[in-house]
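We count ligands from 1, going down the list as the structure has it; atoms in each ligand are counted the same way.
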Amino acid sequence: MFFDRTRKLWHSLAFRLTLWYALVFVLLAMTAFALFYLLIVRVIDQRTDEDLLTNANRLGQIYNLEGSEMLQRAALLQVQSVGEHKMFFRLFYATGIFYSSSNMAFWKSIGIDRRAVDDLLVKGRTYSYATQPIPDRPFKARVIYRRFGAAIMLQMGYSLEAENRLLQSFQRIFMITMVALLGLAVMVGWFMARRALAGVASVTRTARQISEEDLETRVPVFHQHNEIDQLAVTFNQMLDRIQHLVKGIRQMNDNIAHDLRSPITRIRGLAEVTLGGADLAEYQGMAASTIEECDWLLHMINTMLTISRTEAGLDPKSFRRLDLSALAHDACALFQPLAEDKGIQMQAEAQGGCPVLGDAAMLQRLLANLIDNAIKYTPTGGRVRVGVTCDGESARLEVEDNGTGIATEDHARVFERFFRGDRSRSQEGAGLGLSLALAIARAHGGDISLTSRPEQGSLFTVRLPMEDSRTQ
Ligand code: ADP
């Protein structure tokens, strides 16, 4: 249980973000401290060096004007005025033999820095600096070496105790501030990460709540126009689509059940009647009706399968260069007798030369479904027009009638599977013709639109990309 929680926390984005915040903060703070620390050390060193040089130069002038005796006295006075724990001096010959110094009890046997002396003797410099440890003392001394004349060397040093203490307390203050700020950074980081990820948590909660029964719940959107808001909006849009799809599937299931039940009930009724006793003619009649009903069922099932396959995409190998106008003319010729029987005037307005790349059988089915509907839903004495035009980019097929028309609220639904208008119930049909037509148009990279008004007729417009524009 505990390990589970720890593991969960370790893997959580909020925890990791907090760690990153804290790490970045610590790194930045430490860099700032290091720079500041180096700056302070440099300023202190510079100031000490300047002081030492001023003193050494002053002693140099005294030596030049008044000689070695006065030099010793002046150096001693200098040390006494500053303090024997704070400053010392020693005079020695180039051979390394000391001949004068201040009280060295505090400084013990502080050595001579070889490199600094070499700077004077070998490189010929007048002065040189060194930072040297003081035996048994926890701090160092900053020391200047200066040459007087050819043989006399001055070693004069300042204790760095005060500076050391200053830097130590600076370090301590930094550590305390760091710990406090780190705690604050973790708290602020945790708070900020939780706040930033609160939206994600709300999306997760909503996703958990959603089940097949409850598709209504939506993630709250706070309209702050940030990424989380975008996620919530996209998630809600996805839920809308899922809800719409589930609703469509449920409705389709109901429709399939309903449409399958009627023929099966009829077959059963026939069988029941015939079972009660019948002669050969009645048996034959029952068999013929059963075949008819089964054919109808098979037709429905096959159409459903064709729609699904077409929606999944047609085989590109079945695509050929076709003239849409020729296809339209052929279809009109095929339906002419049916239209004449019903007293409907068929009009084909298709000029030649509208090349499209497509599956001939499928496009014929599309045309047949639209023209069949136009004749079916137009009363005697009506008119059906089939037109094909093309504008270089797309080919336009129009199937227009002046029949019953479609109510505006049904315009989108007529393309749904099994949808049948209330007034179409008297006509034969399964409500699959327009779904298939739309699937075919889309499989060819096109679409179908509808303009219609009740009692005034309908105009179905199919747009297909022209062959030239597809091959480009
Ligand atoms: P079916 O014609 O088998 O009912 P469709 O999918 O072809 O199925 O059409 C769906 C519905 O759209 C029809 O039931 C009808 O209400 C309506 N419809 C289709 N075409 C027309 C049209 N030309 N005029 C009026 N209504 C139409």
Side-chain angles (χ1 to χ4, degrees), residues 248 251-263 292-293 295-311 328 331-332 334-336 338-339 341-349 362-387 396-443 447-462:
Q251 203 169 10
M252 203 170 76
N253 277 347
D254 292 350
N255 288 336
I256 293 176
H258 180 265
D259 281 39
L260 289 184
R261 202 172 50 187
S262 315
E292 212 175 286
E293 295 290 359
D295 281 350
W296 174 242
L297 280 175
L298 278 174
H299 165 73
M300 256 172 58
I301 292 168
N302 283 336
T303 313
M304 275 164 61
L305 285 174
T306 313
I307 295 174
S308 300
R309 285 199 200 114
T310 312
E311 278 176 349
C332 286
L334 198 72
F335 279 92
Q336 187 66 40
L338 186 69
D341 279 356
K342 216 181 156 186
I344 289 172
Q345 186 200 338
M346 278 276 281
Q347 205 182 333
E349 291 175 357
M362 284 305 196
L363 288 179
Q364 272 159 358
R365 257 186 114 162
L366 178 150
L367 269 158
N369 283 354
L370 294 181
I371 299 174
D372 185 46
N373 276 350
I375 296 175
K376 210 160 57 172
Y377 300 113
T378 303
T380 305
R383 179 182 50 82
V384 171
R385 181 185 69 86
V386 179
R396 217 160 79 151
L397 163 75
E398 290 178 344
V399 179
E400 191 179 14
D401 63 63
N402 60 353
T404 56
I406 300 166
T408 318
E409 62 270 22
D410 290 341
H411 281 194
R413 298 185 64 205
V414 291
F415 294 101
E416 287 172 10
R417 275 172 239 207
F418 294 106
F419 177 81
R420 305 208 67 209
D422 288 337
R423 301 165 65 202
S424 328
R425 301 272 167 207
S426 53
Q427 301 282 346
E428 200 176 78
L432 292 171
L434 285 182
S435 314
L436 180 59
L438 183 65
I440 294 172
R442 289 195 173 152
D447 212 345
I448 304 186
S449 59
L450 163 64
T451 338
S452 179
R453 280 229 219 117
E455 308 309 336
Q456 294 197 7
S458 313
L459 167 65
F460 285 88
T461 308
V462 183

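Two residues are said to be in side-chain contact when any heavy atoms from C-beta on lie closer than 4.5 Å; M362 and T310 meet this criterion. At a threshold of 4.5 Å between non-hydrogen side-chain atoms, the residues W296 and P263 count as touching.
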List the steps and the verdict of side-chain contact (heavy atoms from CB on, under 4.5 Å) for T378 and R383. CA-CA 8 Å; T378 303; R383 179 182 50 82; over 6 Å; no
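When each atom of ligand 1 is checked for a heavy atom of L434 under 4.0 Å away, the hits are 5 (P), 6 (O), 7 (O), 9 (O), 12 (O), 19 (C). Within the listing of ligand 1, atoms 3 (O) sit less than 4.0 angstrom from a heavy atom of G429. In the vicinity of L432, heavy-atom distances shorter than 4.0 Å reach the ligand 1 atoms 6 (O), 8 (O). Residue K376 approaches ligand 1 through these ligand atoms, each under 4.0 Å from one of its heavy atoms: 1 (P), 2 (O), 3 (O). Taking every heavy atom of S458 and a limit of under 4.0 angstrom, the matching atoms of ligand 1 come to 22 (C), 24 (N), 25 (C).
Without hydrogens or angle criteria, H411 side chain to T451 main chain gives no donor-acceptor distance under 3.5 Å. For the pair K342 (side chain) and P379 (backbone), a donor-acceptor distance under 3.5 Å is absent. Under the 3.5 Å distance criterion, the side-chain polar atoms of S452 are matched with a main-chain donor or acceptor of G457. A distance-only check finds no donor-acceptor pair linking the side chain of D410 to the backbone of I406 [under 3.5 Å]. Between the side chain of D401 and the backbone N or O of V384, no donor-acceptor pair lies under 3.5 Å.
When non-hydrogen atoms are compared, ligand 1 lies under 4.0 Å from the side chain of D401 (C-beta onward) but not from its backbone.
The shortest contact between atom 17 (C) of ligand 1 and any protein heavy atom is with V414 CG1, 4.0 Å. Looking only at heavy atoms of the protein, atom 26 (N) of ligand 1 is closest to I406 CG1, 3.3 Å. Of the protein's heavy atoms, N373 ND2, 2.7 Å lies nearest to atom 7 (O) of ligand 1. For atom 4 (O) of ligand 1, the closest heavy atom belonging to the protein is R420 NE, 2.7 Å. In this structure, the protein non-hydrogen atom closest to atom 16 (O) of ligand 1 is S424 OG, 2.5 Å. For atom 11 (C) of ligand 1, the nearest non-hydrogen atom of the protein is F419 O, 3.8 Å.
On a distance-only criterion, T404 and ligand 1 share no N/O pair closer than 3.5 Å. On a distance-only criterion, Y377 and ligand 1 share at least one N/O pair closer than 3.5 Å. Here's the thing with A430: one of its N/O atoms is less than 3.5 angstrom from an N/O atom of ligand 1.
Not close to ligand 1: N369, with no non-hydrogen atom less than 4.0 angstrom away. Ligand 1 has F460 within reach: a non-hydrogen atom of the residue lies less than 4.0 Å from it.
The heavy atom nearest to atom 8 (O) of ligand 1, out of those in A437, A374, G431, S452, is found in G431.
Under the 4.0 Å criterion applied to side-chain N and carboxylate O atoms, R420 and E428 are not assigned as salt-bridge partners.
Q347 and E349 are linked by a side-chain donor-acceptor pair at a separation below 3.5 angstrom, with hydrogens and angles left out of the test.
Here the closest non-hydrogen pair linking G433 and N369 is O-ND2, 3.0 Å.
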